[in-house]
Amino acid sequence: MRQSKLFTRTRREAPSDEVAKNAQLLVRAGYIHKEMAGVYDFLPLGLRTLNKIIAIIREEMNAIGGEEILLTTLQNPEIWKKSGRWDDAVVDVWFKTHLKNGSELGLGNTHEEALTALMTEHISSYKDLPRYVYQFQNKFRNETRAKSGIMRTREFIMKDLYSFSKDADSHKEFYEKAATAYESIFKRVGIGEKTYRTFASGGSFSKYSHEYQTVCDAGEDTIYIDESKRLAVNKEVYEDPEVYTTSGIDKAGLKEAKTIEVGNIFTLGTRFSDALGLSYKDAEGKATPVFMGSYGIGPGRLMGTIVELMADEKGLVWPETVAPFAVHLVSLGKLGDEVSQVADALYEDLMKAGVEVLYDDRDTSAGQKFAESDLIGIPKRIVVGKDAVATGSFEVVERATGTVVKKTRAELLA
Ligand code: ATP
Ligand code: MG
């Protein structure tokens, strides 16, 4: 993409009311726009990164047998009344609205109810199980504290997968597969080393759920880490002796850390299938409730976490797997001169070679171009100036380290 065609501008100052580092930098670099507290738009660069994160998650969900769907945001109160979660006293983040005729509707904050009700039309026999169904879908939550930029917003895309199994044992088997897929996702987006599988309160069915918690000072959670086991305990269950017998973690010697919850996996059991009448006939013809699990990740929160962990004083720094472009090609030429012509040709060649390139073809100063390039944070920068044209050797600057190597055109294309 030619940068002259990119409608977004970078800016020197972040919005004065923005406290989160991730939002400050993403706004300044033109990745996102702030509508109001906890509400953001994704602009071309931001959407490219968000979509890369989504693509990685999708690959991993498909690899464990996930089938992708897209449910509506609009929620039928009748279904939620059956599970007991329509009440604002039970779910405190509801956004609700009304139809013209006065009847109530909800904006989905999660989709256990809707999907469980839907699956009653598709699951009736043990032969229909297991099923693993997921979506990337907008959730609405009336969050009280929205000061963490894109890590806690009032509308956000969630990847939510729901598993439908015959019994607790087959559920457990899939649950572990999902855990492995999650670990692979966090590794691929570059936060694997700082992310811990964490025992947390489980809610309705099992005593514990698992959260994936990433160590970061900007986090809102506190966990206690057992480094040798790569496991942790959330503060909310830290005083519970049973968590240590269940997990095999030794309470002595745990290390406290501030963390961001990037994902979680839940055993739901028959909480929703009982409430909404989702059962199957086993081999003997006996009606049995379906055993469920749910598995969430917020791609936007993941993107914010990557920024919090990797950005430096000059701006954003992206791992290659989620960067909006692989290469930032920066031309120091003036319209039509030899430098511009060499840069244009290199741009075309890189595109033909299948490299994703952002090409700074604008008529601005070198200093401004480099500062903006640092802010935008594309992993590699190739500089085309008079020197490069004279010597045939191009400077390649690695954004994360500042390392500079020289490469010929042939080496670059290879
Ligand atoms: P938290 O405790 O941080 O509010 P949660 O327990 O409400 O999270 P879930 O309902 O389990 O989160 O949602 C699944 C995933 O969706 C979370 O692990 C997180 O990655 C993401 N997520 C949750 N709330 C938000 C939000 N307000 N903005 C962005 N992402 C979110
Ligand atoms: Mg929440």
Side-chain angles (χ1 to χ4, degrees), residues 20 22-23 26 32 34-42 46 50 53-54 56-57 60-61 73 85 88 90-95 107-115 134-163 178-179 181-183 185-186 189 191 195-206 208-214 216 218-223 232 234-237 258-268 271-272 292-308:
N22 69 84
L26 290 166
I32 61 171
K34 182 175 189 171
E35 291 283 350
M36 53 187 123
V39 183
Y40 295 90
D41 307 305
F42 283 79
L50 188 68
I53 294 171
I54 287 174
I56 289 171
I57 299 172
E60 297 291 341
M61 293 300 102
T73 291
R85 295 208 296 179
D88 293 313
V90 179
V91 173
D92 62 359
V93 293
W94 267 119
F95 278 111
L107 304 185
N109 51 73
T110 182
H111 279 78
E112 280 84 2
E113 279 79 354
L115 185 61
Y134 77 98
Q135 60 179 347
F136 290 93
Q137 201 271 355
N138 285 29
K139 306 296 184 227
F140 291 84
R141 292 188 182 179
N142 204 339
E143 304 274 5
T144 41
R145 289 170 308 136
K147 54 168 182 52
S148 294
I150 61 167
M151 301 197 298
R152 184 177 298 284
T153 54
R154 298 196 164 105
E155 178 188 4
F156 62 97
I157 295 176
M158 192 198 288
K159 185 287 296 172
D160 42 335
L161 184 144
Y162 303 87
S163 63
Y182 269 41
E183 278 149 29
I185 290 165
F186 301 129
V189 305
I191 62 169
T195 303
Y196 294 85
R197 180 171 173 166
T198 302
F199 286 79
S201 59
S204 51
F205 207 84
S206 66
Y208 303 109
S209 67
H210 290 103
E211 295 171 340
Y212 283 85
Q213 294 276 5
T214 307
C216 177
E220 296 178 3
D221 291 1
T222 302
I223 67 167
N234 192 308
K235 190 174 185 177
E236 63 193 19
V237 296
K258 296 286 283 174
T259 50
I260 301 162
E261 181 203 310
V262 287
N264 64 20
I265 59 178
F266 255 93
T267 296
L268 301 172
R271 156 100 172 78
F272 294 96
M292 292 173 54
S294 75
Y295 313 78
I297 294 186
R301 185 175 291 184
L302 215 46
M303 181 168 160
T305 303
I306 296 165
V307 174
E308 294 287 342

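Residue numbers start at 1 and run along the sequence shown. Every number for a ligand or one of its atoms is a count from 1 in the order of the listing.
- Exactly one residue among D160, T110, T73 makes a side-chain hydrogen bond (donor to acceptor under 3.5 Å, both in side chains) with K139. That residue is D160.
- Under 4.0 Å from ligand 1, the heavy atoms of E143 that appear belong solely to its side chain.
- Atom 30 (N) of ligand 1 has F156 CD1, 3.4 Å as its closest protein atom, hydrogens excluded (heavy atom only).
- For H210, the ring pair (Phe, Tyr, Trp, His ring centres under 6.0 Å) partners two or more places apart in sequence, or in a different chain, are Y175, F199.
- At the top of the distance list for atom 11 (O) of ligand 1, counting protein heavy atoms only, stands N264 ND2, 2.5 Å.
- At the shortest separation from atom 18 (O) of ligand 1 among protein heavy atoms lies E261 OE2, 2.7 Å.
- Considering R301, R154, R152 in turn, R152 is the only one that fulfils the salt bridge (Lys or Arg N to Asp or Glu O under 4.0 Å) rule with E143.
- Protein heavy atom at the shortest distance from atom 7 (O) of ligand 1 is R141 NH1, 2.9 Å.
- The protein heavy-atom contact nearest to atom 13 (O) of ligand 1 is M158 CE, 3.3 Å.
- From the protein, the heavy atom lying nearest to atom 1 (P) of ligand 1 is R152 NH2, 3.5 Å.
- Residue contacts with ligand 1, taken as heavy atom pairs separated by less than 4.0 Å, involve R301 solely via side-chain atoms from C-beta onward.
- For the atom pair S201 OG and K235 NZ, the distance stands at 14.0 Å (nearest 0.5 Å).
- Remark: distances from the non-hydrogen atoms of M151 to ligand 1 include one below 4.0 Å.
- Heavy atoms of V262 found under 4.0 angstrom from ligand 1 belong exclusively to the backbone.
- Taking the six-membered ring where the residue is Trp, the centroids of Y212 and Y196 are separated by 6.0 Å or more.
- Take Y295 and apply the ring pair (Phe, Tyr, Trp, His ring centres under 6.0 Å) test, not counting sequence neighbours, and it matches F174.
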